[in-house]
There are 2 protein chains.
Amino acid sequence: MSPNFSIAEENYIKSIYNLQQVNDAVSTTALAEHLKSKPASITDMLKKLQAKGLLLYNPYKTFRLSKEGIKAALSIIRRHRLWESFLVHKLQFSWEEVHEVAEELEHVRSKKLIDKLDGFLGYPKFDPHGDPIPDTNGKINIQQQLPLSSLPLNKQAIITAVQDQSSELLSFLSSLKIVIGTRLEIKRRLAFDNSLEIKCRNRQPVNISEQVANAIQVNPL
Amino acid sequence: MSPNFSIAEENYIKSIYNLQQVNDAVSTTALAEHLKSKPASITDMLKKLQAKGLLLYNPYKTFRLSKEGIKAALSIIRRHRLWESFLVHKLQFSWEEVHEVAEELEHVRSKKLIDKLDGFLGYPKFDPHGDPIPDTNGKINIQQQLPLSSLPLNKQAIITAVQDQSSELLSFLSSLKIVIGTRLEIKRRLAFDNSLEIKCRNRQPVNISEQVANAIQVNPL
DNA sequence: AATAATTTTTAGGCAAACCTAAAAAAAATA
DNA sequence: TATTTTTTTTAGGTTTGCCTAAAAATTATT
Ligand SMILES: [Mn+2]
Ligand SMILES: [Mn+2]
Ligand SMILES: [Mn+2]
Ligand SMILES: [Mn+2]
């Protein structure tokens, strides 16, 4: 059946998947930073993943997940996002607290557990950060979205997702009442620092930095 | 705050706790069998646990958990039994399937997660096998019970727990409709093999072996 | 009490997953 | 293109948790 990966291997597979979504070519250093480890450790693991057929790897050049590797990544991501949904909707965690706990829960490898959890939650399509949840066959609907920083001025859009790396960012957005589904538009863009003045229906406009605008994904109306 | 133990350490602590409940003196070989490893590996870990102050250890003689070690064990057992309850009552697992999955879930170390899960389940006092669940402070109510094999003839009793090591045993009992709360009495004891003929109210009597009777805990009425 | 059997520990090794420092390759710059 | 800088890999080492085989201690038997 489906092979069993170690926790370390799973964390590598998921990180590589996430990085290659953004940038087709993943680098050893980028992955080391993402995983808070050292480049030499990355190389060790790249060789192991290649040996297991999960990675297409040209030493000194590029690497990316094989078909097999992507399948494994989607299964881990499914677990991660379902647990996040459970924590928020059943245990009343707030959206910025769940990532860390899900980072551990995702490694409990029982297909039956995850499929039952999915049903218990009512087969959610998105996690609390707006990211799509792969179904039991690993099918994922990547939604059409762009970073808020690329949205034209005065164009209405709905927030579809927020990159959930940092819980600080998520609680900051919560405090501004900026959540998944919030409708907004950009009123002004400062050339000086690329910060944005954004306006939600019947609310005071607020200013956000370029970095924050990059982390927010929107779907233009 | 509370120190963090590795998964291996947690499994050792829990096994030692369980063994010393039955038999005050735990032996290296017994622990090795319980953990499906080798005596030499046990000795390695005993030294580590002693160094961390979790174990009172006299080489070549006996060992048992320190106060600190018992506290750690109860916390792991709390997690294990709450997850088992979740799996049975929320995800409709059957009682013989849950042990294996809970064996992994128990290692997710987040006090907040477990306390919220406890509330979500309605602060259950017992797990699906009838074993008491320690509360958030580690307090556990050990119920007055004895193995069915020690129950006198013709004395009514209620099943309070079943030792859950083997899922085979649990599904066997399910098929006989013998579950937690079932009221029964022993009608006959065969000296030949110590097997028992047991009778539940308005049901046909059934025969069970000495080993099965040892695994069933009862509370005499 | 001496010997035999059993249990436990020690000695030495291995694999996984990390690390630092050095070497090699690739990319950037002059 | 030659040189410098940056990136990546290799070499060698550590810790954790496991193993087998041998030695030591304990317990059982004569
Ligand atoms: Mn993880
Ligand atoms: Mn998420
Ligand atoms: Mn376990
Ligand atoms: Mn149980």
Side-chain angles (χ1 to χ4, degrees), chain A residues 3-16 19-20 22-65 69 72-73 76 103-104 106-109, chain B residues 3-16 19-20 22-65 69 72-73 76 103-104 106-109:
Chain A
N4 247 30
F5 306 115
S6 71
I7 291 176
E9 285 168 340
E10 289 195 341
N11 285 331
Y12 273 81
I13 292 166
K14 192 168 60 120
S15 282
I16 297 169
L19 288 177
Q20 75 184 24
V22 179
N23 208 318
D24 200 69
V26 188
S27 81
T28 301
T29 5
L31 185 52
E33 267 165 44
H34 201 255
L35 286 166
K36 285 165 188 167
S37 71
K38 298 288 137 88
S41 309
I42 301 297
T43 305
D44 280 356
M45 186 60 96
L46 294 182
K47 286 190 272 186
K48 280 179 215 157
L49 294 178
Q50 184 188 40
K52 293 197 176 191
L54 300 164
L55 195 74
L56 305 168
Y57 176 41
N58 295 99
Y60 286 108
K61 300 277 175 62
T62 59
F63 58 87
R64 63 194 159 83
L65 292 176
I76 301 159
E103 202 56 49
E104 292 198 46
E106 72 187 358
H107 302 295
V108 176
R109 283 166 285 268
Chain B
N4 246 28
F5 305 115
S6 71
I7 291 177
E9 286 168 341
E10 289 195 342
N11 284 332
Y12 273 81
I13 293 166
K14 192 167 60 115
S15 282
I16 297 170
L19 288 177
Q20 74 185 22
V22 180
N23 209 318
D24 200 68
V26 187
S27 82
T28 301
T29 3
L31 186 51
E33 266 165 44
H34 201 255
L35 286 166
K36 284 164 189 170
S37 72
K38 297 291 138 88
S41 309
I42 301 298
T43 305
D44 279 356
M45 186 60 95
L46 294 183
K47 286 191 271 187
K48 282 178 213 157
L49 294 178
Q50 183 188 39
K52 293 198 176 192
L54 299 164
L55 195 74
L56 305 168
Y57 177 39
N58 294 96
Y60 285 109
K61 299 279 175 61
T62 58
F63 57 88
R64 62 195 160 84
L65 293 176
I76 301 158
E103 202 57 49
E104 292 198 45
E106 72 187 357
H107 302 294
V108 177
R109 283 165 284 267

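Just so it is clear: chains get the letters A, B, ... in the order the sequence lines come, proteins before strands, and each one is counted from 1.
- What separates NZ of A/Lys61 from C1' of C/dA26 is a distance of 8 Å, to the nearest Å.
- At D/dT7, none of the side-chain N or O atoms of A/Ser27 fall inside 4.0 Å of OP1 or OP2 (strictly under the cut-off).
- The phosphate of C/dA17 has neither OP1 nor OP2 within less than 4.0 Å of any side-chain N or O from A/Ser37.
- Relative to the side chain of B/Thr43, the nucleotides C/dT9, C/dT20, D/dG17 differ in distance, and C/dT9 lies closest.
- Between the OG atom of A/Ser27 and the CD atom of A/Glu33 there is a distance of 8.0 Å, given to the nearest 0.5 Å.
- The nearest whole Å value for the distance from the CD atom in B/Glu10 to the C1' atom in D/dG17 is 15 Å.
- For the atom pair B/Arg64 CZ and B/Leu56 CG, the distance stands at 5.0 Å (nearest 0.5 Å).
- Of the side-chain N and O atoms in A/Lys48, one or more sit less than 4.0 angstrom from OP1 or OP2 of C/dA17.
- Between the NZ atom of A/Lys38 and the P atom of D/dT15 there is a distance of 17 Å, rounded to whole Å.
- A close approach under 4.0 Å does occur between a side-chain nitrogen or oxygen of B/Tyr57 and OP1 or OP2 of C/dT9.
- In this structure, B/Ala40 reaches the bases: a heavy-atom distance under 4.0 Å links it to at least one base atom across the strands shown.
- Put simply, the side chain of A/Gln50 gets close to the backbone of A/Tyr57: a donor and an acceptor are under 3.5 Å apart.
- A close approach under 4.0 Å does not occur between any side-chain nitrogen or oxygen of A/Lys47 and OP1 or OP2 of D/dT9.
- Across all strands, A/Pro39 comes closer than 4.0 Å to base atoms (heavy-atom distances).
- Note that CG of B/Leu54 and CZ of B/Phe5 are 4.5 Å apart. Values are rounded to the nearest 0.5 Å.
- Following rounding to the nearest Å, B/Asn58 (CG) and D/dA24 (P) show an atom-to-atom distance of 21 Å.
- The CD1 atom of B/Ile7 sits 10.5 Å away from the CD atom of B/Glu103 when rounded to the nearest 0.5 Å.
- OP1 or OP2 of D/dC18 has not a single side-chain nitrogen or oxygen of B/Ser41 nearer than 4.0 Å.
- In this model, the phosphate group of C/dT9 is approached by a side-chain N or O of B/Thr28 to a distance below 4.0 Å at OP1 or OP2.
- Straight-line distance from the OH atom of B/Tyr60 to the C1' atom of C/dT10: 7 Å, rounded to whole Å.
- In this structure, the CE atom of B/Met45 is 5 Å from the P atom of D/dG17, given to the nearest Å.
- An OP1 or OP2 oxygen of D/dC18 is reached within less than 4.0 angstrom by a side-chain nitrogen or oxygen of B/Tyr12.
- Atom-to-atom, CG of A/Leu31 to C1' of C/dC18 comes out at 14 Å; the value is rounded to the nearest Å.
- Rounded to whole Å, atom P of D/dG17 lies 11 Å from atom CD1 of B/Ile13.
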